[in-house]
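Okay, so here's the structure we're looking at.
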Amino acid sequence: MNRSTPAPHKDTRAARRHRGRVHARFLVALAAIFSAPGVGRAAPTWLPPDVISLGGDTCGVPQVAMQGDGSVTVVWLRTLIGAQSAHIEAVDRPAGATYAPPYPLSDSGTSVYDPALAMKTDGEAVVVWPWWSGNVYWIQAAIRPADGTFGPPTIISDPSWSADRSTVTLDPSGRAVAAWEINRVEQNRSNIYVHASVKAPGQPFGAPQAVSQRSDFSMGPVVDSDRSGLGAAVIVWSRLLGRSGSSYADAAVKDASDEGFGTPITISGPVGDADHVDVALDGTGNAMAVWQRWHTTSESWRIQSSFRATGQPFSAPVYLSTAGRNAFNPRVAMDRSGNAVAVWQKRDANDMPRIQASVRPAGGRFGPPEFLSPAGVDAWDPSVAMNDSGTTVVVWRQWDNTYSRYRVFAAIRPPGGPFGSATAISEGDPNFMTYGPSAAIDEDGNAIATWARLHWIVRDQVVEAVGFDAAGPKLLDLWIPFRGAIGEELTFSVRPLDTWSSVVSTIWDFGDGYTAEGNLVSHAYVATGVYDVTVTSTDAVGNTSTASGSVVIDRLGGAPRQGRFVP
């Protein structure tokens, strides 16, 4: 246990004046008053990447999610070299720890692909994927309860039909919605529909239900649910009108009070050629959908969006990208308050594909698009994640002329602020090519990006992950005495835990001109008074967290009553 020492920078006369203010404050401060911890963000940093899969096979299409405490789960597809099979793997990283060894989610010796992951802040998670039954593909799901492990995979699609392109969402209450395509042969004709299944909190997935109309080809569903656990969800997909070639963006809505999804509606308007849809919901069930749309006048693809307030129809589509030069592959995210960020690829005046973004404040309109990636190099495959407070991370892969390979880049946007500059977060190496980046972010602004990295020479493809350390340590189990006596040795303790980095220092300021360093310290006061105690922890990249409370010192003896503050 560390004992206190004088703080040389303190004004001792001020300290004596502080010790003299005794009785007035003492009478009104018989209990400690604790303030919420403050988080310093002076040194947010992307850390070096880690290889989190095992080598020897081909690992790709990673998906990532973060818990509220900063713990991470990543899933990916492992294709066995020399075998006609693949399986889904996962890896976990508790906050402040290292990545555990990967473990399988699907059965071995089968064929699976394209896992989709959804996770709650407490660690409950759902993963879905298509699985080869020996005759057709079915959709399987694996469920992990909070503080538990993934259970065995179960079939959630109708086994009568082949299923494909599954997606899943999980809201804060534990309600999950999975959606997928089915290929159904009717009257000697193959039709593609969208089906969905709802999992009530603590229950298995229910029977699948048809979501799209049964007259056209409905493909590529995407689903999201509200960020408050109210029960609202929206599924969007692309619908090909018969065999004419015209395509539309459709949606089906489940409001909080609905048992299932309502009648599908077209949200892209009466003119066709809409494709590559995405959707996001806020904390009240408001929804934002985006897609790419062929603009006949400029003969180019442009990005459109439509907003739906809870209980209302979708708005008329509006363009987000400018006319001329193709824009494609849009993604959208919303925070709890309804702020939205849309990202996409846009060809610039030199016909280079670059990453663009547009920001929409809650209740407002999308602003002018801005390029996130620099001119002169092509950029692809944007992924966007946004926490409840509005902090946004966008990752993409971008050509690096120095190494003649694609690397992963990222840009961070604080709530209400501008995007920061693009930062390379994968290795600069002529032997490495990256694919399929994915990102997640927690409420402290800590983030993670994952991707597949191919070694160009040995052809070994692994999954890498890199953390963004944006916040100081969490100050867990903080103890400050309510009260003590003159000369009595008092104990102060805290358990600092940083999501990504090591904790390098924890400093206590006892408010009387003395300080101490350590997680468990002691201090004796020499005069009566009410003293403001502050503890500050710093991580290895310079982020700090601070919390404070008050202790009353009087002339009475006896053991001090303890107070506890849990951030």
Side-chain angles (χ1 to χ4, degrees), residues 46-66 72-94 97-117 127-132 140 142 150 153 329 377-383 395-410 423-440 447-468 500:
W46 285 102
L47 303 174
D50 294 301
V51 176
I52 61 175
S53 66
L54 300 178
D57 296 313
T58 298
C59 297
V61 292
Q63 302 293 307
V64 61
M66 294 188 79
V72 167
T73 295
V74 187
V75 301
W76 61 81
L77 175 69
R78 173 179 287 273
T79 303
L80 305 181
I81 294 178
Q84 299 298 315
S85 64
H87 61 265
I88 309 300
E89 287 187 327
V91 72
D92 302 311
R93 182 190 183 276
T98 57
Y99 288 96
Y103 53 91
L105 296 184
S106 62
D107 298 327
S108 60
T110 60
S111 180
V112 297
Y113 60 96
D114 289 353
L117 165 68
V127 184
V128 298
W129 61 85
W131 170 77
W132 180 249
Q140 286 191 321
F150 279 101
N329 197 18
V377 291
D378 58 345
W380 306 83
D381 302 336
S383 174
V395 298
W396 63 91
R397 66 188 190 107
Q398 176 180 308
W399 186 257
D400 190 314
N401 287 324
T402 301
Y403 302 100
S404 298
R405 292 288 182 265
Y406 280 103
R407 299 175 66 185
V408 178
F409 282 69
T423 302
I425 60 175
S426 66
E427 302 100 323
D429 191 312
N431 294 320
F432 293 160
M433 185 79 84
T434 59
Y435 301 91
S438 175
I448 181 174
T450 64
W451 58 84
R453 189 204 73 193
L454 172 66
H455 194 291
W456 201 250
I457 305 300
V458 301
R459 313 302 293 179
D460 182 39
Q461 184 167 298
V462 297
V463 173
E464 287 190 318
V466 59
F468 180 70
W500 288 114

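All residue numbers refer to positions in the sequence shown, counting from 1.
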Is it true that the NZ or CZ of Arg459 lies under 6.0 Å from the centre of Trp456's six-membered ring and within 45 degrees of the ring axis? yes

Answer yes or no for Arg405 and Trp399: cation-pi contact, defined as NZ/CZ to six-membered ring centre under 6.0 Å and angle to ring axis within 45°.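 The answer is no, since Arg405 fails at least one limit relative to Trp399.
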
Calculate, to the nearest 0.5 Å, the distance between atoms [atom1] and [atom2] belonging to [X] and [Y] respectively.
{"X": "Arg407", "Y": "Arg453", "atom1": "CZ", "atom2": "CZ", "value": "12.5 Å"}
{"X": "Asp50", "Y": "Ile448", "atom1": "CG", "atom2": "CD1", "value": "9.0 Å"}
{"X": "Trp396", "Y": "Asp378", "atom1": "CH2", "atom2": "CG", "value": "13.0 Å"}
{"X": "Asp400", "Y": "Glu427", "atom1": "CG", "atom2": "CD", "value": "12.0 Å"}
{"X": "Leu105", "Y": "Leu77", "atom1": "CG", "atom2": "CG", "value": "11.5 Å"}
{"X": "Leu454", "Y": "Asn431", "atom1": "CG", "atom2": "CG", "value": "10.0 Å"}

Any side-chain heavy atom of [X] within less than 4.5 Å of one from [Y]?
{"X": "Ser426", "Y": "Trp451", "value": "yes"}
{"X": "His87", "Y": "Leu80", "value": "yes"}
{"X": "Val75", "Y": "Trp129", "value": "no"}
{"X": "Val91", "Y": "Trp76", "value": "yes"}
{"X": "Val395", "Y": "Pro382", "value": "no"}
{"X": "Asn329", "Y": "Asp381", "value": "yes"}
{"X": "Thr110", "Y": "Ser85", "value": "no"}

Under the criterion side-chain contact (heavy atoms from CB on, under 4.5 Å), which of Val74, Thr73, Ile52 is the partner of Val64?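 Answer to the side-chain contact (heavy atoms from CB on, under 4.5 Å) test with Val64 among Val74, Thr73, Ile52: Val74.
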
Heavy-atom donor-acceptor pair, [X] side chain to [Y] backbone, under 3.5 Å:
{"X": "Ser53", "Y": "Val463", "answer": "yes"}
{"X": "Ser438", "Y": "Gln63", "answer": "no"}
{"X": "Thr434", "Y": "Tyr406", "answer": "yes"}
{"X": "Glu89", "Y": "Pro104", "answer": "no"}
{"X": "Arg78", "Y": "Leu54", "answer": "yes"}

Donor-acceptor pair between Trp132 and Tyr113 side chains, under 3.5 angstrom: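 Absent: no donor and acceptor within the cut-off.
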
Have Tyr103 and Asp92 got a donor and an acceptor in their side chains that come within less than 3.5 Å? yes

Should the ring pair His455 and Phe432 be called parallel, tilted or perpendicular, given that the plane angle runs from 0 to 90° and is split at 30 and 60?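 The arrangement is perpendicular - the two ring planes meet at more than 60°.
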
Could you go step by step and tell me if Phe468 and Ile425 meet the side-chain contact (heavy atoms from CB on, under 4.5 Å) rule? CA-CA 9 Å; Phe468 180 70; Ile425 60 175; over 6 Å; no

Specify the closest pair of heavy atoms between Ala452 and Cys59, including all atoms of both residues, with the distance to one decimal.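 Answer, listing the atom of Ala452 first, then Cys59: CB-O, 3.7 Å.
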
Residue pair Pro153 / Ser106: nearest heavy atoms and the distance that separates them: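 Closest heavy-atom pair between Pro153 and Ser106: CG-CA, 4.4 Å.
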
Partner residues of Tyr435 under the side-chain hydrogen bond (donor to acceptor under 3.5 Å, both in side chains) criterion, sequence neighbours left out: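 Partners of Tyr435 by the side-chain hydrogen bond (donor to acceptor under 3.5 Å, both in side chains) criterion come out as none, since no residue qualifies.
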
